[in-house]
Student: 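There's a structure below that I have some questions on.
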Amino acid sequence: MCGIVGYTGVQGASPILLEGLKKLEYRGYDSAGIAVINDGVINIAKVTGRIANLCEKTNDGADYPGVTGIGHTRWATHGAPTDTNAHPHLSNDGRFAIVHNGIIENYLSLHDELTSKGYHFESETDTEVIVHLLEMYYKGDIKKAIIKTIARLQGSYALGVLCVDEPGKLYVAREASPLILGVGVGENFFASDVTALVSYTRNAIYLDDGEIAEITPDAINVFDCAMQTISKKITRIVWDIQSAEKGGYDHFMLKEIMEQPRAFKATIAPRIKDNEIVLDETDLSERYLKSINKIVITACGSAYYAGCAAKYTIEKLCRVPVICELASELRYSDPLIDNHTLLIVLSQSGETADTIAAMKECKSRGAKTIAIVNVVGSTIAKLADHALYTWAGPEIAVATTKGYTTQLAVLYLFALYMSKKLGRIEEERYLQLLSSLKSLPKKIQDTIDTNSKIHKIAIKYYDNRSMFFIGRNSDYAVALEGALKMKEISYIHAESYAAGELKHGTIALIEEHRPVVALCYNESVMEKTLSNIVEVKARGAEVLALTYKGNSQIVSQANDVIFVPKSETLFSAVLEIVPLQLLAYYVAKLNGCDIDKPKNLAKSVTVE
Ligand code: F6R
């Protein structure tokens, strides 16, 4: 996710900006840059890749003198990770440079307007419209130009501005993206994250939405769009650097679990316009969708399990067969794929070697490919005919959480979109499902809020060497991911089983006090799963059931019950998985495991 920093004072700005950017590296980024004012000129250095490259390019900042500057780490959204797309961006007249976090949703119309007025665009970013708007509105008063500019922006921004006409000053503005001012002595700072500030100052001002600040080495003036001064409180930062990076959480995994409501919303919201699902990134015409006779979903690990969960939703809504195949199997299977197959590839990193190979194999047989990917410009995104991005932001913990739920978010959108295009859904039902989809971020949050109860349950179950996760139909798909989460971070053997299959073998392993996590959300198979619970209890198992609020029939059967909000079963996987992520997290923590970096695992599996 992008990060921004700014400095004005008496010291060389560049080394301070580079240090600040290094502190933001943990957020994930693909390019970086700084801009510094010196002798009435803005000098900009930008690189693709690591901050180390930027240090090399700038001679650790020494080749970019000046006491006022801004810096940025970019996590590509609009436009590939390239030097040109990296920030800062410069106005055509060289007067302004800006850095920006967030997304400008109306950038296309602004781009057209500015182009027609003669402004020249260097990059493919949404951000660049801002710097040209500043130039357009500047008539000698920077504050006025900023106010006019931000009035034109829709979306989110934390904005840092440099202007050659006021060389010792920084300007910042915020809307729906974090921005913190660091208050020093004879020097001041800004950053998107306290991590970049704590080495220099622990006095911070947290800007709120709609606020703008003018920053000099000796003063910070915060005001609103009516130029009314706002008095702000200085807050003392108490976090140490490490916990600041994790937003105060003990582990990235927990932070990322907590980010799921926001990530899910960020993934669906821009794609729902006036109750229509807009998948602009694809060209899935009605004609094309009618021509396909099957969908093949391929991926590895959790991404594969996201596909397994979405299979139920897509088949139910679209009545098109969906085959989920592990990429490491599909590629060697001489697959039955042709130009009537739509291939959906899921990958958080976009770099998984087996997934890439399976995709190439299927492409060569004529399949159209859609990649659902988190990392912009990754190999899978580039190889696909169309990439649909999950806007989860960087995922640092090795065990995926928000990557999985945002993949489901895109797959749910896709299922609804396709069923409508195929004419397989009534308008009333479509609107009902769309509204249910939009309610999920809040329900994910409500699920997260049961955190302390799950912690207590983890205390009861953590001291076991083996567990079972059972469910039927869509619940079974979630059981697969729940068991994977448990085993990969806690090293407890966790076996997921289709509940109806237990009696064909696995039930032999059920013994006194063996924990069985039973997923009972899907009403169409509820009675059947309940009888499986009775079977394992009869053999001494301790049953932890997971169901929707109000389903009291489980209470008398299970030893413990986790309730999650009621929703459409078609979308329930995202709600069911959250307590299982938390359970795995707390069990691993109680067992003293290295949660963010489990043994033998890597975040991006680039080997076959
Ligand atoms: C498990 C996990 C892995 C990944 C798998 C695919 O928590 O993270 O199973 O899901 O390695 O990775 P991507 O999605 O990057 O292709």
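First listed ligand is number 1; within each ligand, the first listed atom is number 1.
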Student: Give the atoms of ligand 1, by number and element, whose distance to some non-hydrogen atom of Ser347 is under 4.0 Å.
Tutor: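 Those of ligand 1 that fall under 4.0 Å from Ser347 are 13 (P), 14 (O), 15 (O), 16 (O).
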Student: Tell me, which pairs form a side chain to side chain donor-acceptor pair (under 3.5 Å) where one or both residues lie in residues 478-493, sequence neighbours left out?
Tutor: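 For residues 478-493, and leaving out neighbouring residues, the side chain to side chain donor-acceptor pair (under 3.5 Å) pairs sorted by first residue read Ser302-Glu481, Ser302-Lys485, Ser466-His493, Glu481-Lys485, Lys485-Glu488, His493-Glu495.
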Student: With a cut-off of 4.0 Å, which atoms of ligand 1 are near a heavy atom of Ala303?
Tutor: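 Heavy-atom distances to Ala303 below 4.0 Å select 10 (O), 14 (O).
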Student: Is any N or O atom of Thr355, backbone or side chain, closer than 3.5 Å to an N or O atom of ligand 1?
Tutor: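 Thr355 vs ligand 1: no N/O contact under 3.5 Å.
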Student: Hey, which atoms in ligand 1 end up nearer than 4.0 Å to a heavy atom of Val398?
Tutor: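 Going through ligand 1 atom by atom, the ones under 4.0 Å from Val398 are 8 (O).
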Student: Residue-level breakdown please: for Glu488 versus ligand 1, do any non-hydrogen atoms fall below 4.0 Å on the side chain, on the backbone, on both, or on neither?
Tutor: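 Side chain only; the backbone of Glu488 stays clear of ligand 1.
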Student: Go through the structure and list residues passing ring pair (Phe, Tyr, Trp, His ring centres under 6.0 Å) with Tyr585, not counting sequence neighbours.
Tutor: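 For Tyr585, the residues satisfying ring pair (Phe, Tyr, Trp, His ring centres under 6.0 Å) (neighbours in sequence not counted) are His251.
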Student: Would Gly403 count as a contact of ligand 1 if the rule is a heavy atom under 4.0 Å away?
Tutor: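 It does not, in that no heavy atom of Gly403 comes within the 4.0 Å cut-off of ligand 1.
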Student: Decide whether a cation-pi geometry holds between Lys549 and Phe563; the criteria are a distance under 6.0 Å from NZ or CZ to the six-membered ring centre and an angle within 45° of the ring axis.
Tutor: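 Checked: cation-pi criterion not met.
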Student: Only heavy atoms of Ser349, strictly under 4.0 Å: list the atoms of ligand 1 that pass.
Tutor: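 Checking each atom against Ser349, I get 13 (P), 15 (O), 16 (O).
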Student: I'd like to check which ligand 1 atoms, numbered from 1 as shown, lie under 4.0 Å from a non-hydrogen atom of Ala399.
Tutor: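 Within the 4.0 Å cut-off of Ala399, ligand 1 contributes 7 (O).
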Student: Please confirm whether Asn374 comes under 4.0 Å of ligand 1, counting heavy atoms of the residue only.
Tutor: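 Contact absent.
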Student: Does ligand 1 have any atom that is closer than 4.0 Å to a heavy atom of Lys485?
Tutor: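 Lys485: in contact with ligand 1 (<4.0 Å).
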Student: Looking at Asp338 and Lys294, does any basic side-chain N land under 4.0 Å from a carboxylate oxygen?
Tutor: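 The answer is no: the pair does not qualify as a salt bridge.
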Student: Can you label the angle between the Trp391 ring and the His78 ring as parallel, tilted or perpendicular, going by 30° and 60°?
Tutor: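 Answer is parallel, since the angle falls under 30°.
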Student: Strictly by modelled atom types, are Thr569 and Asn522 linked by a side-chain donor-acceptor pair under 3.5 Å?
Tutor: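 The criterion, which ignores hydrogens and geometry beyond distance, is not satisfied for Asn522 and Thr569.
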Student: Has Ser378 got a side-chain atom pairing as donor or acceptor with Glu351's backbone, closer than 3.5 angstrom?
Tutor: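 Not a single qualifying donor-acceptor pair exists.
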